[in-house]
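Okay, so here's the structure we're looking at.
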Amino acid sequence: QVQLVESGGGLVQAGGSQRLSCAASGLTFSRYTMGWFRQAPGKEREFVAAHSWSGGRSYYGDSVKGRFTISGDNAKNMVYLEMNSLKPEDTAVYLCAAARRIGFYSDCERSTFYDYWGQGTQVTVSS
């Protein structure tokens with residue numbers, strides 16, 4: 001059974017940095033695409049980043065490109081999202097997701113591409 005558990009959220013000042021973690025169990029990273037999405041109150045779920053370990057590719061949403069970095073540790077089954085230069089508009093619940101296939105950007109940015117989701121962790125950026 002696949003389980004995804006996020007951690008690392010909290011309150012941070014604008015311009016600051018934060019690292020989110022996603023502990024994954026029940027899956028083999030090399031066969032999955034791992035992604036991060038976020039959802040703010042009253043807004044649609046937004047693609048943040050994704051990485052395919054077997055394909056060696058990372059993809060980022062336009063609003064976070066150049067500021068956020070997705071990475072992972074295969075040995076520990078951990079996925080990370082390093083967030084820098086945070087803005088108040090980055091405030092949202094951040095969710096980790098896993099897809100049982102490898103995809104291109106047009107696949108990875110769709111929430112329907114993913115098979116498993118974590119519960120999310122709240123990130124609040126104060127101005």
- Query: Just wondering, do Asp115 and Arg101 contact through their side chains at under 4.5 Å, heavy atoms?
  - Reply: yes

- Message: What's the separation between atom CD1 in Ile70 and atom OH in Tyr59, rounded to the nearest 0.5 Å?
- Response: 12.0 Å

- How far apart are the C-alpha atoms of Asp73 and Tyr80, what are their side-chain angles, what is the distance that settles it, and do they pass the side chain to side chain contact (heavy atoms under 4.5 Å, CB included) test? CA-CA 8 Å; Asp73 185 329; Tyr80 306 103; 4.2 Å; yes

- Query: Do the non-hydrogen side-chain atoms of Glu6 and Trp36 ever get within less than 4.5 Å of each other?
  - Reply: yes

- Asp107 and Phe113 have their tightest heavy-atom pair at O-CB, 3.2 Å

- Above 12 or not: heavy atoms from other molecules or residues under 6.0 Å from CZ of Phe104? no

- Query: Would you say the side-chain atoms of Gln18 pair up with the backbone N or O of Gly8, donor to acceptor, closer than 3.5 Å?
  - Reply: yes

- Task: May I ask you to decide if the ring planes of Phe68 and Tyr94 are parallel, tilted or perpendicular, using 30° and 60° as cut-offs?
- Result: tilted

- Item | Shared hydrophobic cluster, Val123 / Met78 (ILVMFWY, side-chain heavy atoms < 4.5 Å) | no

- Phe37: partners by ring-ring contact (aromatic ring centres under 6.0 Å, His included), with sequence neighbours left out: Phe47, Tyr114, Trp117

- Begin with the C-alpha distance, continue with both residues' side-chain angles, and end with the deciding distance and a verdict on side chain to side chain contact (heavy atoms under 4.5 Å, CB included) for Ser63 and Arg38. CA-CA 11 Å; Ser63 61; Arg38 66 186 183 186; 3.2 Å; yes

- So, for Ala92 and Ala40, which heavy atoms are closest and what is the spacing to 0.1 Å? CB-N, 3.9 Å

- Can you tell me how far the CE atom of Met34 sits from the CG atom of Asn77, to the nearest 0.5 Å? 8.0 Å

- Non-hydrogen atoms of Leu20 and Gly9 that approach each other most closely: CD2-N, 3.7 Å

- Tell me, do Met83 and Asp90 make a side-chain contact under 4.5 Å, heavy atoms counted? no

- Test item: side-chain donor near acceptor, Arg100 and Tyr116, under 3.5 Å: yes

- Task: Would you indicate whether Lys43, at its atom NZ, is surrounded by more than 12 heavy atoms from other residues, nucleotides or ligands within a distance under 6.0 Å?
- Result: no

- Would you check if Thr91 and Gln122 make a side-chain contact, meaning some heavy-atom pair closer than 4.5 Å? yes

- To the nearest 0.5 Å, what is the distance between OG (Ser17) and CZ (Arg67)? 10.5 Å

- Query: How would you list, by chain and number, every residue that makes a disulfide bond (SG atoms under 2.5 Å apart) with Cys22, sequence neighbours excluded?
  - Reply: Cys96

- Task: Please test Arg45 against Leu95 for side chain to side chain contact (heavy atoms under 4.5 Å, CB included), starting from the C-alpha separation and ending with a verdict.
- Result: CA-CA 9 Å; Arg45 192 165 291 186; Leu95 303 112; 4.0 Å; yes

- For Gln119, does the CD atom have more than 12 heavy-atom neighbours from other residues, nucleotides or ligands under 6.0 Å away? no

- Task: Grab the two heavy atoms, one from Thr33 and one from Ser52, that are nearest each other, plus how far apart they are.
- Result: OG1-CB, 4.0 Å

- When rounded to the nearest 0.5 angstrom, what distance separates CD in Glu46 from CG in Asp62? 9.0 Å

- Item | Closest contact, heavy atoms only, Cys108 versus Gly103 | SG-O, 3.7 Å

- ILVMFWY cluster, Val12 and Val64 together (side-chain gap under 4.5 Å): yes

- With the side chain counted from C-beta on, respond yes when Leu4 and Leu27 share a heavy-atom pair under 4.5 Å apart, and no when they do not. yes

- Query: NZ of Lys87 to OG of Ser127: how many Å apart, nearest 0.5 Å?
  - Reply: 14.0 Å

